Amino acid sequence: MERTMGNGELRLTNVGEEVTLLGWVANRRNLGGLLFIDLRDSTGIVQLTCLHPEQVPEVKSEYVIEAKGKVAKKENPNKNLPTGEVEVIVDSIKVINKAELTPFIIADQTDALEDTRLQYRYLDLRRPCLLHNLKVRAKVCSIFRDYFDSKGFLEVETPILNLSSPEGARDYLVPSRIKHGSFYALPQSPQLWKQLLMVGGVERYYQVAKCFRDEDLRADRQPEFTQLDEECSFLSQDQILSLNEGFLARVFKEIRGVDIKLPLRRIKYWDAMDFYGSDKPDTRYGLCLFDLKEYVYPSGFSGMGEGDYVRAIRVEGQGKAISRKLLDELNAEARKFGLKGLFSLKREGDEISGSFAKFLSEEQKQALKDKLGMKDDELILFASSPYRRDVDFGLGAIRSWFAKHLGLIKPNTFDLLWVVDFPMFDPVEGEPGKYVAEHHPFTRPRDEDLPLLDSKPEEVLAYAYDIVINGYEAGGGTLRIYDHDIQWKIFRLLGLTDEDVKNKFGWFIDAFRYGAPPHGGIAFGLERLSMILCGTDNIRDVIAFPKNLSAGDPLSHAPSPVDPDQLEALAIEVKKGE
RNA sequence: GGACCAUUGGUGUAGCGGCCUAACAUGCUUCCCUGUCACGGAAGAGACCGCGGGUUCGAAUCCCGCAUGGUCCGCCA
């Protein structure tokens, strides 16, 4: 058994060669006196042609076989296959291993749902599209390493067994056997370690880092995932962004053949919220939000207060098309984000109708037509709330609903941009003077905003940046605080006592007393990037063995109860479930 | 923690109170077929309709509970 080449590599230039091929039987077409076999391996599929089927041993789907024969030019090429111009005229076929009937069809166009495929992931992975996704993912990693190697970065591995921190996401805990009652935490990210590497003088670090977060899952969120993580010293935010743009441009060029225009667009956080109702806007289409308050307040509707935010989305040509049923659907969408619902206005000829029309005066209706320029058959949907976040996020969701509904998203387009100038703090709703960190407490406030720390913390912006691609947050980072005094000021604003800080971060911030360099970094979500490059909206499509929404593995059935002896060794007792 | 949707031969769906002794596609088995490439043609096997209650003369179909899967909200510094 000596394979001469991969099945998917055969081309016209190989015609006449004697070859030995190995692989799986993807399909058979038996024409009686003539038998065709599609042979698949990791490189692709090629057609075997058996002129004497009676001499061929019985082969069925997914049998592993060895085929010897001669490459020939096909008279009728198959343009759906890279190898479609050639076939292999078979001399002999040997069955290497038989296969039972598989539970689903092993082909890109399969019949099974994801649940079934995940139970037999090893069969699912034989499908060329899945393998392709893994190749894309691997290519992103190899470009990452190559690019940052060439920029003088050092790959460093940071610990997997870490000190647990109550901040941020829920930790996955690992009990200590040596020290009963104590636990390690799996890393949520290598954040603190990479900063210590900067204090340690490494200057330029990167890592392909596995991260773990024990939070609920989503179509684009898994409990274990991989970050392409970097950190560097002595670079400005602009330098870091352009360094990383170079990386992204290579990724899109080498994997998708797309030229990304550099430098990338940068949009301020509050502008993103204003125009798109999202801090990760999908900028492949318009439908921007706008302020409608001057047109509809005050009105006959008493539920709208003077301090309320009133924002809207206008959709041309949808006034008549929008049905009661669709409006209900949109209202349900809006309510998810804390809105009470949506109001509608439409123009039909000279008439303004819709759910809010009855609250408006004739002058207001006229203004909609004249001043706002509302067109015939135009639909305006709007919402009001004292909470800006609710209005923005709610309408942001409506915006993307319409984009999907109206088919505004062109396939195979990539729109990359940086969202910058994130606020440093997020005020806690209903508790004035209380704040949580928007990113993390080590994020550096912008120099020009430092005076605001004492007076208006909610207005302080940070050196924080996210890379947004097609509406996905594909990565993000910040410059970090290296000044001891500013760090303490932030801690106090976040309501942390000296005691808290010492217990939670003492081991970390002590390092900053010994000459920490200015530093900052970024982390890309490898899966998110791979999803976008593969054109899928399901994160499981780019993970070899993903977890399901209950954070379980449908294949191995992890997690599971463990042997009492194991618990005994760890001095752990499990409460009996009700 | 919450909302919504789904669960029917191996696989994917249809059926939505009696025409169901459950349909279609695909896969599988057998036979025919020398240029197919989603091959084609013929015949056949394969399902107590997720589980447990209830309503009804009658339930795959309606109701309740549970389980599993998915999508979303909260959560994800």
Side-chain angles (χ1 to χ4, degrees), chain A residues 26-39 45-54 58 60-62 72 74-81 83-87 89 100-120 123 165-171 188-189 191-192 211-223 225 329 332-339 390 393-394 397 400-401 422 424-426 435-443 462 464 473 476 478 490 494 496 504-505 525 537-538 540 547-552 554 557:
Chain A
N27 197 11
R28 288 161 300 156
R29 289 176 294 280
N30 190 346
L31 277 63
L34 187 60
L35 172 66
F36 299 105
I37 295 172
D38 290 339
L39 192 66
I45 290 175
V46 72
Q47 173 169 287
L48 308 178
T49 302
C50 310
L51 300 171
H52 304 286
E54 68 284 357
E58 183 180 57
K60 298 188 183 181
S61 287
E62 300 310 314
K74 273 173 95 171
E75 284 178 30
N76 304 310
N78 178 358
K79 52 185 181 304
N80 298 320
L81 232 47
T83 62
E85 290 188 293
V86 296
E87 62 187 345
I89 308 298
E100 286 182 24
L101 180 61
T102 56
F104 55 88
I105 299 169
I106 315 279
D108 281 355
Q109 295 290 316
T110 187
D111 51 358
L113 294 184
E114 193 183 26
D115 188 31
T116 312
R117 295 197 284 112
L118 288 181
Q119 283 170 38
Y120 300 91
L123 297 180
S165 145
E167 310 296 308
R170 209 174 284 117
D171 282 325
Q188 296 181 23
S189 92
Q191 181 62 37
L192 301 185
C211 302
F212 306 85
R213 294 178 188 175
D214 190 5
E215 295 294 345
D216 286 350
L217 294 83
R218 289 284 191 283
D220 64 350
R221 225 159 69 188
Q222 284 269 305
F225 60 99
E329 203 178 309
E333 189 68 20
R335 274 193 289 270
K336 284 184 189 169
F337 294 87
L339 295 175
D390 292 354
F393 282 128
S400 71
W401 185 96
F422 278 77
M424 183 72 197
F425 304 102
D426 207 8
Y435 302 95
V436 292
E438 173 81 25
H439 261 262
H440 54 68
F442 314 111
T443 302
E473 182 194 329
T478 65
I490 303 295
L494 293 171
L496 294 170
K504 291 174 183 170
F505 309 115
D537 53 10
N538 182 345
R540 294 171 223 109
K547 304 280 187 284
N548 65 20
L549 277 195
S550 319
H557 299 111

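Predicted model only: the values in this text are computed from it and were never measured. Within every chain, numbering begins at 1; the chains are lettered A, B, ... in the order of the sequence lines, protein sequences first and strands thereafter.
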query = Base, sugar-phosphate, or nothing for A:Q109, non-hydrogen atoms under 4.0 angstrom?
reply = nothing
ask   = Between the side chains of A:E62 and A:T102, is a donor N or O closer than 3.5 angstrom to an acceptor N or O?
value = no
ask   = Between B:U11 atom C1' and A:Y120 atom OH, what is the distance in whole Å?
value = 11 Å
request  = In plain terms, say whether A:D38 and A:R29 are close enough for a salt bridge, that is, a side-chain N and a carboxylate O under 4.0 Å apart.
outcome  = yes
ask   = What is the nucleic acid contact for A:L113, judged by heavy atoms within less than 4.0 Å: base, sugar-phosphate only, or nothing?
value = sugar-phosphate
Between B:U34 (C1') and A:L34 (CG): distance, integer Å = 5 Å
What N/O pairs connect the protein and nucleotides 3-7 of chain B at under 3.5 Å? Give each pair on its own line.
none

Backbone N/O of A:R540 and side chain of A:Q222: donor-acceptor pair under 3.5 Å = no
inquiry  = Using a 4.0 Å heavy-atom cut-off, does A:E75 contact any base of the nucleic acid, only the sugar-phosphate backbone, or nothing at all?
reply    = nothing
task = Please figure out whether A:E333 or A:G32 has its closest RNA chain B nucleotide nearer the 5' end.
result = A:G32
task = Under 4.0 Å between any heavy atoms, over every strand shown, what does A:N30 touch: base, sugar-phosphate, or nothing? Just pick one.
result = base
task = Could you state the atom-to-atom distance from CG of A:L217 to P of B:C72 in whole Å?
result = 11 Å
inquiry  = For a quick check of understanding: with a heavy-atom distance under 4.0 Å over all strands, which category does A:L31 fall into, base, sugar-phosphate or nothing?
reply    = base
message = Determine whether a donor-acceptor pair (N or O, by modelled atom type, separation under 3.5 Å) exists between the side chain of A:D111 and the backbone of A:F104.
response = no
Nucleotide nearest A:R29 (side chain, heavy atoms from C-beta), chosen from B:C76, B:U11, B:C39 = B:C39
note = Comparing nearest nucleotides in RNA chain B, the 5'-proximal residue of the pair A:R221, A:R28 is A:R28
Under 3.5 Å: donor-acceptor pair, side chain of A:S189, backbone of A:Q191 = yes
ask   = What interatomic distance, in whole Å, is found between P of B:G44 and the corresponding atom of B:U8?
value = 26 Å
inquiry  = With a 3.5 Å cut-off and heavy atoms only, can you find an N or O donor on one side and an acceptor on the other between the side chain of A:R213 and the base of B:C76?
reply    = no
inquiry  = With the six-membered base ring of B:U11 as reference, does the ring of A:F104 sit under 5.5 Å away with planes under 30° apart?
reply    = no
key: Atom pair distance, as rounded to whole Å: CD1 in A:I89 and P in B:U36   = 14 Å
ask   = Would one find a side-chain N or O of A:N80 under 4.0 angstrom from OP1 or OP2 of B:A38?
value = yes
message = Given the structure, check if the side chain of A:D111 and the base of B:G10 hold any donor-acceptor pair shorter than 3.5 Å.
response = yes
query = Starting at CG of A:L101 and ending at P of B:G46, how long is that distance when rounded to a whole Å?
reply = 16 Å
message = Suppose we call a contact any N or O donor and acceptor under 3.5 Å apart; does that hold for the side chain of A:E215 and the base of B:G74?
response = no
message = At less than 4.0 Å, is any side-chain N or O atom of A:K60 found next to OP1 or OP2 of B:U29? Yes or no.
response = yes
request  = Mark yes or no for whether A:E87, through its side chain, and A:T49, through its backbone, hold a donor-acceptor pair below 3.5 Å.
outcome  = no
task = Check ring-ring contact (aromatic ring centres under 6.0 Å, His included) between A:H52 and all other residues, then give those that pass, not counting sequence neighbours.
result = none
inquiry  = When you measure from the side-chain N and O atoms of A:T116 to the phosphate of B:G12, is any distance below 4.0 Å, counting only OP1 and OP2?
reply    = yes
Anything under 3.5 Å between a protein N or O and an N or O of nucleotides 69-71 of chain B, put it in a table, one pair a line.
{"residue": "B:G69", "atom": "OP1", "partner": "A:N548", "partner atom": "ND2", "Å": "2.9"}
{"residue": "B:G69", "atom": "OP2", "partner": "A:S550", "partner atom": "OG", "Å": "3.0"}
{"residue": "B:G70", "atom": "OP1", "partner": "A:L549", "partner atom": "N", "Å": "3.4"}
{"residue": "B:G70", "atom": "OP2", "partner": "A:L549", "partner atom": "N", "Å": "3.0"}
{"residue": "B:U71", "atom": "OP1", "partner": "A:R540", "partner atom": "NH2", "Å": "3.2"}
{"residue": "B:U71", "atom": "OP2", "partner": "A:R540", "partner atom": "NH2", "Å": "2.7"}

